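Every value quoted in this text rests on a predicted model; they were computed, and no experiment measured them. Lettering follows sequence order; numbering is per chain, from 1.
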There are 2 protein chains.
Amino acid sequence: MIRVLLADDEHLIRGAIASLLSLEPDLTVVAQVGRGDEVAAAVAEHRPDVVVLDIEMPGLDGLSVAESMPGQAVVILTSFGRPGYLRRAMAAGVRGFVPKDAPAEELAAAVRKVHAGGRYLDPELAASAMMAGECPLTDRERDALSLAARGASVSEIAVSLRLTEGTVRNYLSNAIMKLGASNRITAIRAAQEMGWI
Amino acid sequence: MIRVLLADDEHLIRGAIASLLSLEPDLTVVAQVGRGDEVAAAVAEHRPDVVVLDIEMPGLDGLSVAESMPGQAVVILTSFGRPGYLRRAMAAGVRGFVPKDAPAEELAAAVRKVHAGGRYLDPELAASAMMAGECPLTDRERDALSLAARGASVSEIAVSLRLTEGTVRNYLSNAIMKLGASNRITAIRAAQEMGWI
DNA sequence: CTGGGCTTTTGACAAATGTCACCCGGTCGG
DNA sequence: CCGACCGGGTGACATTTGTCAAAAGCCCAG
């Protein structure tokens, strides 16, 4: 019997996925949590074989949680298959990655594969991640753009990053150019689409 | 036995919710679809007692689907409880509205209530919708802002709406002011948060 | 019909954003 | 060592965006 811990912020979805996994005779859901920052304690208490993590969660996002527990068998389950997410998950040693629009059997299959020490990647997603490639932005450009995405103005970004306004404008301009965007808003959308910020 | 039709674009979630509803002895899921524009045909074919609709779907969004079938018992199920969504759903004659982060039993309860001719509103959400009130933007302001949200520049918006650039700037400025934002980006975020664009 | 209150429209002006050419300091190959 | 290259940082300048005061049209109550 494979013992599973389930973390997802949407209560109803969490219950629904638990019900789905419970249909499998060899899987049992031993605990459920709704916040990223509660996962560590729950893992310590219940010692699950596999942890299924949503990425979008309050407290701490699923990728950060995965990074904080190397060695733990983890399957990432996420709404949208952003190529950058997959890349980050791989870097954190995650061996299973399933988008929420995958067929229902894929999740159970992924849990079994990961429990057995193997890898499971959604084929669709793996392909698009290959296409997408690396994030073309430098660290500072990404810093500036992600603050802009939260609605900050140039002067606020400058204060946050301890830079002059001119520098910030320059980073944003570079980001806009590299992303093939025409202004800040389209640049933000493009970067979010790819999971880069 | 209450016959339910389920529409949600995320395959895995759809299966999970179906599994959850099937646990209830008096409910049965007679069909599932993954696109808004396939709902009408499926309803005609299967004649379900209640239709459970996600809002975010390709093809046609859940609210538009609900508007197109007055009289049909509908429960709206959505990821995020935007007050504007609830308002639009009520206007379309929807009698059940459940956010995805509600407790798992709420969905089955909502389906039963709606099937019996009653209403079911998530209490949390009803409260925040009361707080939020009507969208303060005029039609043209909303037009301009939603184009801006898709990344259009002032001049592009002006062409789309057949206006001069000055007028468009004025609309965006009014929207920014009414929403208590400090620039276009925060205004877009605020309006999306409330489900107004 | 008359006037008040609303949206829509406008252009002039001020402020923020985007672009450019450039400097500085590592570091990598020859 | 030297130069090419890359990322970080900067200010001056052009363009876009945001604000303001005002005018025209529309609808409704009086």
### Task
Establish, with yes or no, whether the OP1 or OP2 oxygen of D:dT10 is under 4.0 angstrom from a side-chain nitrogen or oxygen of A:T164.
yes

### Start and end of chain A contact along DNA chain C [non-hydrogen atoms, under 4.0 Å]
C:dT17 to C:dA21

### Task
Calculate the interatomic distance between B:R169 atom CZ and D:dA21 atom P; express it in whole Å.
17 Å

### Message
Reading DNA chain D from 5' onward, which residue's closest nucleotide shows up sooner: A:V168 or A:K178?
### Response
A:K178

#### Entry: Rounded distance in Å - CZ (A:R162) to C1' (D:dT10)
19 Å

### Hphob cluster co-occupancy, B:L107 + A:I17, side-chain heavy atoms under 4.5 angstrom
yes

### Task
Give A:S173 one of three labels, base, sugar-phosphate or nothing, depending on what nucleic acid heavy atoms sit under 4.0 Å from its own.
base

### Task
Identify the two heavy atoms, one from B:L179 and one from B:A187, that lie closest to each other, and give their separation to 0.1 Å.
CD1-O, 3.5 Å

### Message
What is the separation between atom CD on A:E141 and atom C1' on D:dT10, rounded to the nearest whole Å?
### Response
15 Å

### Query
Once you round it to whole Å, what is the distance between C1' of D:dG7 and CG of A:L163?
13 Å

### Task
Would you sort out whether B:N174 and B:R140 count as a side chain to side chain contact (heavy atoms under 4.5 Å, CB included), showing the intermediate values?
CA-CA 11 Å; B:N174 284 341; B:R140 296 299 258 172; over 6 Å; no

### Message
Of the listed nucleotides (D:dG8, D:dT10, D:dT17), which one gets closest to any side-chain atom of A:R140?
### Response
D:dG8

### Message
Categorize A:T167 for me: base, sugar-phosphate, or nothing, with a 4.0 angstrom heavy-atom threshold over every strand shown.
### Response
base

### Message
Between C1' on D:dT10 and CG on A:L161, what's the gap in Å once rounded to a whole number?
### Response
15 Å

### Task
Measure from CG on A:N170 to C1' on D:dA12 and round the result to the nearest Å.
13 Å

### Query
Considering only heavy atoms from C-beta outward, does the side chain of B:V94 approach that of B:Q72 to under 4.5 Å?
no

### Query
More 5' along DNA chain C: B:N183 or B:N174, using each one's nearest nucleotide?
B:N174

### Query
Heavy-atom distance under 4.5 Å between the side chains of A:R184 and B:I185, does that happen here?
yes

### Task
Please determine, by modelled atom types, if B:T167 and B:N170 share a side-chain donor-acceptor pair under 3.5 angstrom.
no

### Query
Does A:Y171 have a side-chain nitrogen or oxygen under 4.0 Å from the phosphate oxygens OP1 or OP2 of D:dG9?
yes

### Message
On DNA chain C, does the nearest nucleotide to A:S153 precede the nearest nucleotide to B:E165 from the 5' side, or the other way round? Give the residue.
### Response
B:E165

### Task
Begin with the C-alpha distance, continue with both residues' side-chain angles, and end with the deciding distance and a verdict on side chain to side chain contact (heavy atoms under 4.5 Å, CB included) for A:R169 and A:T164.
CA-CA 9 Å; A:R169 283 201 289 276; A:T164 62; over 6 Å; no

### Query
B:L172 CG to D:dC20 P: how many Å, rounded?
15 Å

